[in-house]
Engineer: 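Questions regarding the structure given below will be posed in turn.
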Protein chains: 2
Amino acid sequence: MAVTIKDIAKAAGVSVTTVSRALNGYRDIHPNTRKRVLKIAQELNYRPSGIARSLVMKRSQTIGLIVSEMTHSRMGHHFLFDVICGVNDQATTLGYDLILATTSPHEQQVVPYMELCHRRQLDGVILLGVRTHDPYLQEVLQSSIPCVLIDVPVSGERCSHVTLDNREGAHQAVAHLIRDGHRHIGFINGHREAFVSEERLQGYRLALKEAGLTGEERVFYGDFDEASGSEGARRLLAEHPDLTALFCASDLMAIGAMRELKAMGKKVPQDISVIGFDDIDLAHYVTPALSTVHQPRYQFGTQAVDVIVNLLKGEKEEPVVLAPELLIRESSGSMPVLEKR
Amino acid sequence: MAVTIKDIAKAAGVSVTTVSRALNGYRDIHPNTRKRVLKIAQELNYRPSGIARSLVMKRSQTIGLIVSEMTHSRMGHHFLFDVICGVNDQATTLGYDLILATTSPHEQQVVPYMELCHRRQLDGVILLGVRTHDPYLQEVLQSSIPCVLIDVPVSGERCSHVTLDNREGAHQAVAHLIRDGHRHIGFINGHREAFVSEERLQGYRLALKEAGLTGEERVFYGDFDEASGSEGARRLLAEHPDLTALFCASDLMAIGAMRELKAMGKKVPQDISVIGFDDIDLAHYVTPALSTVHQPRYQFGTQAVDVIVNLLKGEKEEPVVLAPELLIRESSGSMPVLEKR
DNA sequence: TTGTACGCGTTATCAG
DNA sequence: CTGATAACGCGTACAA
């Protein structure tokens, strides 16, 4: 059906070797021969077969983006889409194709990591959304194919990661609240199986400690989504009515918390301040606009590709840790100390 | 490096043919031989090469999802992500791999459609975000590989599409406004190069016509994003101060319009009603919550895959037209006739 | 039931 | 500068 280099060879009266050389820009070929071959290839509307090339070259110019729990995980599209865009754009720029695959903690038990990679001859893999105990984490390290994890601080021989300085991000947010006069600050964290949760907890603790508030640790573990934010607010305030600020490990939880606070008759930020994490689109559309810690999601994607491509060249890659940025909007403010006491 | 059927054959003392047959579940093979082969394959940790298989089978079990203007187009992730999820999930379910590729009106001129398809031996393609004058539209129809367009009402021999009944969606929204007493209804449409724009315009017109409001057509063409919604509101109200309702071809434009209206000192919905289109997440987070026409985005994806897979089987496929659903929230309401006059 | 031989489209090796 | 020839990993007539 489709025209191959064999057809071109025939039409040009040369061997396939020569055609291949002409097409791939080798130097040891007569300029005229090349021109003729190129012209015929053009006329015949020749398109190279990446498949065949992959088979013989043993590399596919393809990277896999494996996302665990794409639909349900973390903030769903609020977080994932930008990362995917970044990965896609940069992969395209660097001449790689992108295969999108999804999995889940369960799926990971039935389909081995290497199965996915080998089937498609993936040159490298970017892994997104894996939890601390997921099977793939081990398999990745044992695998011979380069991999970069996003938001999972694991590295190895052919393995690196890109993430945010989550500790610093949480620290900035909580330190800001403290500067605003808050002394009783609750923390609605993500679930324990996310690496970022531990890091953000550390940032929260650090900020409290710096302010001599060590005994004031109030943590609730949610699962990053809105409903758990509501629950967190309810629980924390039931146990600790003196809380004047809430720091949340995701914007979605912050929004859930704000909804709950409103239902409780508390005004944000007059009665209680709220700061989120992620800076998803919603954050500046809700009322009041949500103060939050911005994550450069698109960059996560582009950087991950950069790292994987370097890994592919055999270079050892240091992890990439991006900087958070605290954005203060309307949901946080000074604690009304004077009025209250 | 990796273990092949050749290795298995050697280890099992049979020919590669036998191995191939055993692995692929053929019947004409001795049960014991099969067991032995399977066992050895297992022990050797064999993984089949999809690449090699694709080469010989001439199909890759891969479908391409080609998105034009992924980052900038239409509502960006608000629309795309869910579709991608649907495509991905259903493709996985049906045993297909997914290659994600992006393009743009400009890119389409430099990289021919068939280039993309052939390089990866795509079995079929789902095309998203193409405009009325995009080059790929023609190429798709000439191509021999099956394709389904999303939101582009074009069909052919090996080509079908899935879309919303946009005309009906717009009609429902505008008819609803009319039932609420509105007589002067502006329409902020998307740009002219989107197929859906024309369809929604028809729905708007139909509703006006049914109410004997033919002369009341007030249309502004935006480009689906927030800023153009603001501009639309400004322009329309400047020229037609008597407007008491605005129907917008996207939620983003509706949100932009509401922002502008607020700036103009108009209250929604007391002074003017607003209805959007899409039902993106933002719609029910903004204040007032946005009335809108819901699109089953995830279904767009799954249906597209279903259609493409049937097309692959050689079946002729009818276009899929999904039903819109009007959701009335807070941004629209009865026209305050009595108070005003 | 099993094996031989060939082909898929391409690149690489090595002579000429 | 060019051309046989052999891979790459797998499926499949055809034979045995």
Side-chain angles (χ1 to χ4, degrees), chain A residues 1-38 40-41 44-62 95 97 114-115 117-123, chain B residues 1-38 40-41 44-62 97 114-115 117-123 145:
Chain A
M1 330 248 126
V3 21
T4 74
I5 55 173
K6 214 178 276 183
D7 300 317
I8 302 180
K10 201 169 296 174
V14 296
S15 73
V16 292
T17 313
T18 304
V19 174
S20 176
R21 278 201 279 257
L23 259 27
N24 293 323
Y26 279 52
R27 320 190 130 273
D28 55 350
I29 192 176
H30 194 91
N32 290 338
T33 314
R34 147 162 318 144
K35 269 179 199 153
R36 194 152 42 88
V37 170
L38 255 37
I40 294 185
L44 261 40
N45 205 15
Y46 167 77
R47 307 284 171 215
S49 159
I51 294 285
R53 187 177 284 163
S54 299
L55 186 59
V56 55
M57 306 271 276
K58 286 181 172 301
R59 55 194 175 75
S60 57
Q61 288 291 102
T62 301
D97 279 336
M114 284 310 294
E115 182 88 33
C117 300
H118 208 88
R119 189 173 64 210
R120 279 290 143 197
Q121 284 263 356
L122 298 181
D123 290 346
Chain B
M1 331 252 122
V3 22
T4 73
I5 56 173
K6 213 179 279 182
D7 301 316
I8 301 181
K10 200 168 296 174
V14 297
S15 74
V16 293
T17 311
T18 304
V19 176
S20 175
R21 278 202 277 258
L23 259 27
N24 293 324
Y26 278 53
R27 319 190 132 273
D28 55 349
I29 190 174
H30 195 91
N32 289 338
T33 314
R34 146 160 321 143
K35 269 179 199 152
R36 193 152 43 89
V37 169
L38 255 37
I40 295 185
L44 261 42
N45 205 15
Y46 166 78
R47 308 282 170 217
S49 159
I51 294 286
R53 186 177 283 163
S54 299
L55 188 58
V56 54
M57 305 274 274
K58 286 179 172 302
R59 55 193 175 77
S60 57
Q61 287 292 104
T62 301
D97 279 336
M114 284 311 294
E115 182 88 33
C117 300
H118 209 90
R119 189 173 64 211
R120 279 286 142 198
Q121 285 262 358
L122 298 182
D123 290 347
I145 112 164

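Residue numbers start from 1 in every chain, and the chains themselves are labelled A, B, ... in the order their sequence lines are given, proteins ahead of strands.
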Engineer: Of all the nucleotides listed (dT2(D), dC10(D), dA13(D)), which has the minimum atom distance to the side chain of Thr33(A)?
Structural biologist: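 The answer is dT2(D), which lies nearest to the side chain.
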
Engineer: In whole angstrom, give the distance that lies between atom CG of Asp7(A) and atom C1' of dG9(C).
Structural biologist: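 For the pair Asp7(A) CG and dG9(C) C1', the rounded distance is 10 Å.
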
Engineer: From CG of Asn32(B) over to C1' of dT1(C), roughly how many Å is that when rounded to an integer?
Structural biologist: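 These atoms are roughly 12 Å apart.
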
Engineer: Look at Lys58(A) and dG9(D) and indicate whether a side-chain polar atom (N or O) is within less than 4.0 Å of OP1 or OP2.
Structural biologist: yes

Engineer: Within this structure, what is the NZ-to-P distance between Lys6(A) and dC6(C), rounded to whole angstrom?
Structural biologist: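 Taking atom P of dC6(C) as the reference, NZ of Lys6(A) is at 13 Å.
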
Engineer: The side chain of Thr17(A) lies closest to which of these nucleotides: dG9(D), dG11(D), dG3(D)?
Structural biologist: dG3(D)

Engineer: Counting heavy atoms from C-beta on, name the nucleotide in dC1(D), dG9(C), dC14(C) closest to the side chain of Leu55(B).
Structural biologist: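 Nucleotide nearest to Leu55(B)'s side chain: dG9(C).
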
Engineer: Nearest to the side chain of Arg21(A) - dC14(C), dT10(C), dT11(C)?
Structural biologist: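 It is dC14(C).
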
Engineer: Would you find a donor on one side and an acceptor on the other, under 3.5 Å apart, between the side chain of Asn24(A) and the backbone of Arg21(A)?
Structural biologist: no

Engineer: Taking the side chain of Thr18(B) as heavy atoms from C-beta outward, which of dG3(D), dT2(C), dT11(C) is closest to it?
Structural biologist: dT2(C)

Engineer: If each of Met57(A) and Gly13(B) is mapped to the nucleotide of DNA chain C with the nearest heavy atom, which maps nearer the 5' terminus, i.e. the 5' end?
Structural biologist: Gly13(B)

Engineer: Treating Arg53(A) as the side-chain partner and Pro48(A) as the backbone partner, does any N or O pair qualify as donor plus acceptor under 3.5 Å?
Structural biologist: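 No.
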
Engineer: Whole angstroms only, please: what is the CG-P distance between Asp28(A) and dT13(C)?
Structural biologist: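 Spelled out: CG on Asp28(A) to P on dT13(C) is 13 Å.
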
Engineer: Please examine the side chains of Asn45(A) and Met114(B), heavy atoms only from C-beta on, and report whether any two atoms are closer than 4.5 Å.
Structural biologist: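 Answer no - side chains too far apart.
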
Engineer: Toward the 5' end of DNA chain C, which comes first, Val56(A) or Val56(B), by nearest nucleotide?
Structural biologist: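 Its nearest nucleotide being more 5', the pick is Val56(B).
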
Engineer: Counting just side-chain N and O atoms, does Tyr26(B) come under 4.0 Å of either OP1 or OP2 of dG11(D)?
Structural biologist: no

Engineer: Return the nearest nucleotide to the side chain of Val14(B); candidates are dG3(C), dT10(C), dT11(C).
Structural biologist: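 Closest of the options to the side chain of Val14(B): dG3(C).
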
Engineer: Taking atom C1' of dC10(D) as reference, at what distance in whole Å does atom OH of Tyr46(B) sit?
Structural biologist: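 Distance check: Tyr46(B) OH to dC10(D) C1' gives 7 Å.
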
Engineer: How many whole angstroms separate atom CG of Asn24(A) from atom P of dT13(C)?
Structural biologist: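 For the pair Asn24(A) CG and dT13(C) P, the rounded distance is 14 Å.
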
Engineer: Tell me whether the OP1 or OP2 atom of dT2(D) has a side-chain N or O from Ser15(A) closer than 4.0 Å.
Structural biologist: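 Result: no.
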
Engineer: With no hydrogens and no angle check, is any side-chain donor or acceptor of Thr18(A) less than 3.5 Å from a backbone partner on Val16(A)?
Structural biologist: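 Checking the backbone N and O of Val16(A) against the side chain of Thr18(A), no donor-acceptor pair under 3.5 Å is found.
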
Engineer: Please tell me which of the listed nucleotides, dT10(C), dT1(C), dC10(D), lies nearest to the side chain of Ser49(B)?
Structural biologist: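 The nucleotide sitting nearest to the side chain is dC10(D).
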
Engineer: What about Arg47(A), does its side chain sit under 3.5 Å from the base of dG9(C) through a donor-acceptor pair?
Structural biologist: no

Engineer: Is the shortest side-chain N/O distance from Arg53(B) to OP1 or OP2 of dC10(D) below 4.0 Å?
Structural biologist: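 Checking Arg53(B) against dC10(D): no side-chain N or O falls below 4.0 Å of OP1 or OP2.
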
Engineer: Backbone N or O of Leu55(A) within a donor-acceptor pair of the Gln121(A) side chain at under 3.5 Å?
Structural biologist: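 Absent.
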
Engineer: Would you say Leu23(B) and Tyr46(B) make side-chain contact, with heavy atoms under 4.5 Å?
Structural biologist: yes

Engineer: Among dT10(C), dT12(D), dC8(D), which nucleotide has an atom closest to any side-chain atom of Ile5(A)?
Structural biologist: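 Nearest listed nucleotide: dT10(C).
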
Engineer: Between Arg120(B) (CZ) and dC8(C) (C1'), how many Å, whole number?
Structural biologist: 16 Å

Engineer: Can you tell me the distance, in whole Å, between the CD1 atom of Ile51(A) and the P atom of dG7(C)?
Structural biologist: 21 Å

Engineer: Assign Ser20(B) to base, sugar-phosphate, or nothing according to its heavy-atom contacts below 4.0 angstrom with the strands shown.
Structural biologist: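 Answer is base: heavy atoms of Ser20(B) come under 4.0 Å of a base.
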
